[in-house]
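Start at 1 with the first residue, then count along the sequence. Keep in mind that what you see is a predicted model, and the values were worked out from it rather than measured.
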Amino acid sequence: MLIDHIFIFSDNNGIEANELAAFGLTEGSSRVHSGQGTVNRKFYFNNFFLEILWINNLKEISSDRMKGTKLLDRAEFKQNNVCPFGLCLVNEPLTDELFANAYAYYPAYFPNEMAIDVLANVDTPSLPWTFRLPFKGVSRKADEPRNHKTNLQNLTKAIFSFSNVLKNNAYLEQFKNEGQIIFQHSDRNHLTLEFDDCISGEVIS
C-alpha cells in the first residue's frame, strides 16, 4: 500500500508548520475544509505530502455531518490521549480489503456526493485515523513546491508508535508485510518519518 499523505493535528493553530519551515522545508498551498471545520498547511515531497491540520470552526467539526467520522476526537488529542495522526492511503485495489467496512464520509467541499472511506479506529484510538480519497491513484498536485533546503525528496518509512492495542489486531494485520508503513508498540503515540533511506541522516520525529 502507498501513502498519499499524512496529517498531524495541531492544538496550536498550526504553529508546528513554522518549525518545519525553520527546519528547511518549503511550504506548499493551504486549504480551508468548508463544512469540516478544519484548515491546513502542507509540505510536499516526491511521493507524499505532510499536512498540519487544526480546527478553525468548532461548530462545523461538531456537526451531525461530522459525528460519524470521529475527527473531533482526534483534534482533541491532548484531552483524551488519542493518536493525532491521519494516514491517507492511495486509492488502489490493494486497499479494498482494508476499507471493506469503512465509514463513508461525504465532505461538503467535495462535488457530486463523493465519499472518503474512513477507518476511525474507534476501539483502538492510539492507531491513526485512516482513510482513502475517492479519486483513484495519487492525488498530489504537480505544481506544488518540492525543493527543500534539507534536500529531502522521498518518504521511505512512516513509523507509527502506539500503545494500548491488543495483539492480533485486524487493522495491524493488514500492514504486517508493508515496508514503508510500520507500526510498533510504545508507551506513547508518536510518528517518525524517514526520508531517502536516511542517506542524509535526516529524520523528522
Side-chain angles (χ1 to χ4, degrees), residues 1-10 12 14-31 38-54 74 77 83-95 98-99 116-117 119 121 126-133 135-163 165 171-205:
M1 290 183 277
L2 299 174
I3 298 174
D4 184 89
H5 66 279
I6 291 172
F7 73 65
I8 302 174
F9 253 118
S10 167
N12 198 20
I15 198 169
E16 295 85 351
N18 294 341
E19 298 174 12
L20 293 175
F23 175 71
L25 302 185
T26 303
E27 188 168 354
S29 63
S30 62
R31 180 177 188 178
T38 60
V39 62
N40 66 20
R41 294 171 68 179
K42 293 176 288 182
F43 298 85
Y44 283 78
F45 302 87
N46 289 343
N47 63 343
F48 100 118
F49 69 87
L50 180 62
E51 177 182 20
I52 306 300
L53 187 69
W54 69 97
R74 299 310 181 115
F77 64 96
C83 173
F85 311 127
L87 171 62
C88 180
L89 298 172
V90 174
N91 191 333
E92 57 178 346
L94 283 174
T95 62
L98 177 65
F99 290 100
I116 295 175
D117 291 328
L119 299 175
N121 282 322
S126 62
L127 295 176
W129 195 85
T130 305
F131 61 111
R132 67 176 180 179
L133 302 175
F135 318 107
K136 299 294 183 181
V138 178
S139 66
R140 292 180 292 278
K141 296 180 180 178
D143 58 350
E144 295 284 357
R146 290 177 171 80
N147 294 321
H148 306 284
K149 291 179 181 178
T150 58
N151 293 318
L152 299 183
Q153 297 181 31
N154 294 287
L155 178 71
T156 46
K157 284 184 184 177
I159 305 170
F160 294 90
S161 299
F162 63 88
S163 58
V165 176
Y171 172 92
L172 293 177
E173 283 295 308
Q174 294 280 340
F175 293 93
K176 64 182 180 180
N177 295 317
E178 295 295 325
Q180 187 187 40
I181 306 168
I182 297 171
F183 291 93
Q184 62 184 21
H185 284 279
S186 178
D187 58 355
R188 61 174 178 153
N189 301 315
H190 190 69
L191 172 65
T192 300
L193 301 178
E194 176 188 292
F195 291 86
D196 305 316
D197 293 314
C198 282
I199 293 175
S200 68
E202 298 287 4
V203 175
I204 297 176
S205 186

Strictly under 6.0 Å, is that where the ring centroids of F45 and H148 end up?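 Yes; H148 has its ring centre under 6.0 Å from that of F45.
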Check: F7 ring centre within less than 6.0 Å of F9 ring centre: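 Between F9 and F7, which both carry aromatic rings, the centre distance is below 6.0 Å.
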Should the pair H5 and F131 be assigned to parallel (<30°), tilted (30 to 60°) or perpendicular (>60°) ring geometry? perpendicular
Could you check if a side-chain atom of [X] sits within less than 4.5 angstrom of a side-chain atom of [Y], using non-hydrogen atoms only?
| X | Y | result |
| --- | --- | --- |
| N189 | F77 | no |
| F23 | L152 | yes |
| L127 | F183 | yes |
| S29 | K42 | yes |
| L87 | I3 | yes |
| D4 | F49 | yes |
| L133 | C88 | yes |
| L2 | F48 | no |

Short side-chain to backbone donor-acceptor contact, [X] and [Y], under 3.5 Å:
| X | Y | answer |
| --- | --- | --- |
| D117 | R132 | no |
| N47 | N154 | no |
| R146 | E144 | yes |
| D196 | Q153 | yes |
| S10 | W54 | no |
| E178 | M1 | yes |
| R74 | C83 | yes |
| T156 | E194 | yes |

Minimal non-hydrogen separation, [X] against [Y], with atom names:
| X | Y | answer |
| --- | --- | --- |
| V90 | T95 | O-CG2, 3.4 Å |
| P145 | E27 | CG-O, 3.5 Å |
| T26 | F43 | O-CD2, 3.5 Å |
| Y171 | F175 | O-CD1, 3.3 Å |

Around N147, counting heavy atoms of other residues, nucleotides and ligands shown, do more than 12 lie under 6.0 Å from its CG?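 At most 12 heavy atoms, drawn from other residues, nucleotides or ligands, come within 6.0 Å of this atom.
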Euclidean distance, [Y] [atom2] relative to [X] [atom1], rounded to 0.5 Å:
| X | Y | atom1 | atom2 | value |
| --- | --- | --- | --- | --- |
| F195 | K157 | CZ | NZ | 14.0 Å |
| Q184 | I159 | CD | CD1 | 5.5 Å |
| I8 | L193 | CD1 | CG | 6.5 Å |
| T38 | R31 | OG1 | CZ | 9.5 Å |
| F162 | L172 | CZ | CG | 4.5 Å |
| F160 | S126 | CZ | OG | 12.0 Å |

